[in-house]
Protein chains: 2
Amino acid sequence: MLHVMPPPLDQATCDRARLARDRAFDGLFFTGVRTTRIYCRPVCPVRPARSENVVFFPSAAAAERAGFRPCLRCRPETAPGSPAWNGTRSTVGRAMRLIEDGFLDRASVSDLADKLGIGPRHLLRLFLRHAGATPSEVAATRRIQAAKRLIDRTKQPLSEIAFAAGFGSVRRFNDAFRATYGRPPSSFRKRG
Amino acid sequence: MLHVMPPPLDQATCDRARLARDRAFDGLFFTGVRTTRIYCRPVCPVRPARSENVVFFPSAAAAERAGFRPCLRCRPETAPGSPAWNGTRSTVGRAMRLIEDGFLDRASVSDLADKLGIGPRHLLRLFLRHAGATPSEVAATRRIQAAKRLIDRTKQPLSEIAFAAGFGSVRRFNDAFRATYGRPPSSFRKRG
DNA sequence: CCACTGGCCGTTTTCGGACCCGGTCCCCGG
DNA sequence: CCGGGGACCGGGTCCGAAAACGGCCAGTGG
């Protein structure tokens, strides 16, 4: 049972992409395994099925209609066109929003993990994998950016801005600016 | 903070036992880690704490009183004298009883796993680790023994005994006897 | 002659390897 | 003290290969 693919997605291309778990093809096609009647995304982490047992579909719906059920590892049914890693991604997304709202300025990473219903170790792993940075790094970046905006757009004293941006002390506020811009906060006021 | 141990359990012995995760010492003493205020059994699977950070207690209660909380991996508070790996071990026990009642004569290993609330793969792992045999092997042994008893103690025709003992076909009944005793079922009748 | 045996064969189940997820410790460095 | 990161483990999800299954049926021997 062969299926015609959208423009340049022939059988051989799909097979190469799936064996390489190529993320670039995620969402562009789906792989059905005849022996198990299960279909997967190209990035599925399980050992790839042998080529003679697979068949390709242009969409998850097509695979469902052909009698395949979605794989429980890669969750192909929740990936219509784009990745949409909703499971774990929404956890990172929720964490991001909380950090953006200043959560980590008043609470610890462990508290954040508690609020999300997972362990701190796992929260760290999720951030490294999906955001490329640790939670505290994200929080630090946010504080710097918030402070920079206040310096540029308001006339508040720097010591007030430090606390308004979420820093716990003026000392850390100054340190952070030196680390990021190489010069103290006041230098941005002078040349404004 | 040093503690006096029962007769021959000096500090050095405890330290050696804990580093070796020696099962023989399980229940005889408990290890408290100063840096985390957590106490463990000697067999705890976690990476052992360094010796300068540990202190030993003769009982879990002593550790509690000293302000330590029980480790969540080895569950020291539920291990007065014996292992009490109750979590996983009782699952195997329940499975064994079900098999003994003929569950696997009418249902598959997957059904058994469902009934126990775990995956079939994991059930297999538990059996190999704690029973030294697979679920279907246990079921096969039970069938053979049940059949042998019926042959010895009744006059039922062999074909009836096959089904009464839990075999699904006479064919397999014969195979099982050949594999176990090297000769067909009827040979046990003749020399009765 | 008839219950029992065992070869054959397509189908279904079980096994065991590989991988991943999330939790729980520990140590170290800032 | 807190956050990062290493190590281990329980448990879950796949896959391919191998074993078990069960129906069919030709022998066979008491």
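So you know, we letter chains A, B, ... as the sequences are listed, proteins then strands, and number each from 1.
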**Prompt:** So what does Pro120(B) touch, heavy atoms closer than 4.0 Å: a base, only the sugar-phosphate, or nothing?
**Reply:** nothing
Locate the shortest heavy-atom distance separating [X] from [Y]; write the atom from each residue and the value.
| X | Y | answer |
| --- | --- | --- |
| Arg73(B) | Pro45(B) | NH2-CG, 3.8 Å |
| Cys71(B) | Cys44(B) | SG-SG, 3.9 Å |
| Arg18(A) | Ala49(A) | NH1-O, 2.8 Å |

[X] [atom1] to [N] [atom2]: how many Å, rounded?
| X | N | atom1 | atom2 | result |
| --- | --- | --- | --- | --- |
| Arg21(B) | dC9(D) | CZ | P | 7 Å |
| Arg143(B) | dG22(D) | CZ | C1' | 13 Å |
| Leu123(B) | dT14(C) | CG | P | 10 Å |
| Arg73(A) | dC14(D) | CZ | P | 8 Å |
| Leu124(B) | dC14(D) | CG | P | 17 Å |
| Leu128(B) | dT14(C) | CG | P | 14 Å |
| Arg69(B) | dC26(C) | CZ | P | 8 Å |
| Arg47(A) | dC14(D) | CZ | P | 14 Å |

**Item:** Lys NZ or Arg CZ of Arg183(B) over Phe188(B) ring: under 6.0 Å, within 45°
**Value:** yes
**Message:** Please check if the number of heavy atoms outside Arg149(B) that lie under 6.0 Å from its CZ is greater than 12.
**Reply:** no
Does [N] have OP1 or OP2 sitting under 4.0 Å from an N or O in the side chain of [X]?
| X | N | result |
| --- | --- | --- |
| Thr35(A) | dG16(D) | yes |
| Asn53(B) | dC27(C) | yes |
| Thr36(A) | dC15(D) | yes |
| Thr134(B) | dT14(C) | no |
| Asn174(B) | dT5(C) | yes |

**Message:** Over 60° means perpendicular and under 30° means parallel, so tell me whether Phe29(B) and Phe25(B) are parallel, tilted or perpendicular.
**Reply:** perpendicular
Which nucleotide sits closest to the side chain of [X]: [options]?
| X | options | value |
| --- | --- | --- |
| Pro45(B) | dG12(D), dC15(D), dC9(D) | dC9(D) |
| Cys71(A) | dT13(D), dC4(C), dG10(D) | dT13(D) |
| Arg125(A) | dG5(D), dG22(C), dT5(C) | dG22(C) |

**Asked** Which residue lies toward the 5' end of DNA chain D, Ser110(A) or Val33(A), if each is placed at its nearest nucleotide?
**Response** Ser110(A)
**Fill in**
Heavy-atom nearest nucleotide on DNA chain D taken for Ser136(A) and for Cys40(A); more 5' hit belongs to Ser136(A)
**Asked** When rounded to the nearest 0.5 angstrom, what distance separates CD1 in Ile161(A) from CZ in Arg189(A)?
**Response** 4.5 Å
**Request:** Confirm from the modelled atom types if Arg121(A) and dG6(D) form a donor-acceptor pair under 3.5 Å, side chain to base only.
**Result:** yes
**Asked** When you match Ser51(B) and Ile118(A) each to their closest nucleotide on DNA chain C, which lands nearer the 5' end?
**Response** Ile118(A)
**Item:** Residue-level proximity of residues 161-173 of chain B to DNA chain D when a heavy atom falls under 4.0 Å
**Value:** Gly168(B), Ser169(B), Arg171(B), Arg172(B)
**Prompt:** Taking the six-membered ring for Trp, are the ring centroids of Phe167(A) and Phe173(A) within less than 6.0 Å of each other?
**Reply:** yes
